[in-house]
Amino acid sequence: MRPAPPRSQWFATLAGLVAVVSIWRGTWLLMDLYVFPLSPVLSSIASIGSGLMLLFIAGWSLEDAA
């Protein structure tokens, strides 16, 4: 068995987790307010589509770089 990581590492991991979740929560709230504020379904579809396009573009550029 490996020894448990020190408490400072646990704290840094927890702080990083809270930071990432907070960033995503804020991003989603802003998208809900500004993308299509009167249509939550259309806003969700547009957000999913733009996210997929960004992933596709990022994947495409990573393949070209390799």
Side-chain angles (χ1 to χ4, degrees):
M1 269 184 149
R2 293 185 299 178
R7 286 180 189 238
S8 61
Q9 187 175 2
W10 283 102
F11 179 73
T13 302
L14 182 62
L17 176 69
V18 169
V20 168
V21 169
S22 297
I23 288 170
W24 279 111
R25 182 178 182 273
T27 301
W28 269 307
L29 287 172
L30 285 174
M31 287 171 31
D32 285 343
L33 286 173
Y34 293 112
V35 176
F36 292 106
L38 299 178
S39 177
V41 173
L42 187 58
S43 180
S44 298
I45 291 170
S47 297
I48 290 170
S50 63
L52 288 174
M53 286 301 290
L54 287 171
L55 287 173
F56 176 74
I57 291 168
W60 185 291
S61 65
L62 289 176
E63 288 176 5
D64 292 341

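Hydrogens, waters and symmetry mates play no part in the numbers below; they use all other heavy atoms, side chains included.
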Side chains of residues 18-27: which donor-acceptor pairs under 3.5 Å do they make with residues two or more places apart or in other chains?
from	atom 1	to	atom 2	distance (Å)
Ser22	OG	Val18	O	2.8
Thr27	OG1	Ile23	O	2.9

- [ ] Search all heavy atoms of Ser43 against all heavy atoms of Met31 and return the closest pair with its distance.
- [x]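 The answer is OG-O, 3.6 Å.
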
Task: Co-members of the apolar cluster containing Leu29 [side chain, <4.5 Å] - done: none

Task: Apart from Met53 itself, residues in the same hydrophobic cluster as defined by side-chain heavy atoms under 4.5 Å - done: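 ILVMFWY cluster around Met53 holds nothing else.
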
Task: Test side-chain contact (heavy atoms from CB on, under 4.5 Å) applied to Ala46 - qualifying residues, sequence neighbours left out - done: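 By the side-chain contact (heavy atoms from CB on, under 4.5 Å) rule, Ala46 matches Val35, Phe36.
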
Open item on the list: Is it the case that the side chain of Ser44 and the backbone of Pro40 share a donor-acceptor pair, with hydrogens and angles ignored and the cut-off at 3.5 Å?
Closed with: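 Indeed, once roles are kept as given, a pair shorter than 3.5 Å links the two residues.
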
- [ ] Quick one: pull up CD1 in Ile45 and OG in Ser50 and give me the separation to the nearest 0.5 Å.
- [x] 12.0 Å

